[in-house]
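Each residue takes its place number in the sequence, starting with 1. As the structure is a prediction and not an experimental result, all values here were calculated from the model. In listed order, ligands and their atoms are each counted from 1.
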Amino acid sequence: MVDVARPGERIPIASDHAGYALKERLRAALAAMGYQAEDIGTHGPASTDYPDYAHPLAQQVADGTVARGVLLCGTGLGMSYVANRYPGVRAAVAWSPEVAALARQHNDANVLVLPARFVSDEDALAILHAWLDTPFEGGRHERRVHKIERDDDPATAPEGT
Ligand code: RB5
């Protein structure tokens, strides 16, 4: 479970070219809030491939090096496809603060994915704040989140495991 408001917490952030400009703004916003924003790239507007940035960020979340991270691409979809292949990573594409808050409350989302071509800078900041500051509700949602990872749960494990 991800706690909220950890002073000095290191939060990796990454984008492809479609998310680059917004990534720069969110990186500055994270730093201004007191987080250590670790810029995984991309480092310019030249065309690039989103998996090259999603893999290293998701790996850090999956292995517990960091608690959470932020990804951006044009739609948010490619980045989320990659990140959600990693055990323990719950990457949520959020296009409004309400969706971001629900992704935390109900799904304990530990990676925020922004669809950079479909949100304004102002909306993106509000989405980032909602995701950073909203705690997981637990309770019935704890059981459901636990069932996402099937291999350690006899009730949901694939037959024969
Ligand atoms: C890049 O043009 C675009 O395909 C990418 O940013 C992303 O939207 C993919 O899912």
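Atoms CH2 and CD1, on W95 and I127 in that order, are 9.5 Å from each other to the nearest 0.5 Å. Going from atom CZ of R25 over to atom CG of L72 covers 11.5 Å, rounded to the nearest 0.5 Å.
Residue G78 places at least one N or O, backbone or side chain, under 3.5 Å from an N or O of ligand 1.
Under the 4.0 Å criterion applied to side-chain N and carboxylate O atoms, R68 and E9 are assigned as salt-bridge partners. Residues R104 and D133 are not paired through a salt bridge, judged by the lack of any N-O separation under 4.0 Å between the basic side chain and the carboxylate.
For ligand 1, the atoms lying closer than 4.0 Å to a non-hydrogen atom of D16 are 1 (C), 5 (C), 6 (O). Contact atoms of ligand 1 toward R117: 1 (C), 2 (O), 3 (C) (distance under 4.0 Å to a heavy atom of the residue). Within the listing of ligand 1, atoms 6 (O) sit less than 4.0 angstrom from a heavy atom of A18. For ligand 1, the atoms sitting less than 4.0 Å from at least one non-hydrogen atom of G74 are 5 (C), 6 (O), 7 (C), 8 (O), numbered in the order shown with element in parentheses.
Under 4.0 angstrom from ligand 1, the non-hydrogen atoms of T75 come from both its backbone and its side chain. For C73, heavy-atom contacts with ligand 1 shorter than 4.0 Å involve the backbone as well as the side chain. Contacts with ligand 1 closer than 4.0 Å are made by no heavy atom of Y81, backbone or side chain.
For atom 6 (O) of ligand 1, a protein non-hydrogen atom is found at a distance below 4.0 Å.
Here the side chains of H106 and F136 are not in contact, with every heavy-atom distance at 4.5 Å or above.
Shortest contact from atom 9 (C) of ligand 1 to any protein heavy atom: Y50 CE2, 3.5 Å.
Contact between H17 and ligand 1 is present, with at least one heavy atom of the residue lying under 4.0 Å from the ligand.
Side-chain rings of H55 and Y86 approach one another, their centers coming within less than 6.0 Å.
With 3.5 Å as the limit, one finds no donor-acceptor pair spanning the side chains of S15 and Y50. For the residue pair R10/Q60, the side-chain donor-acceptor check at 3.5 Å is satisfied.
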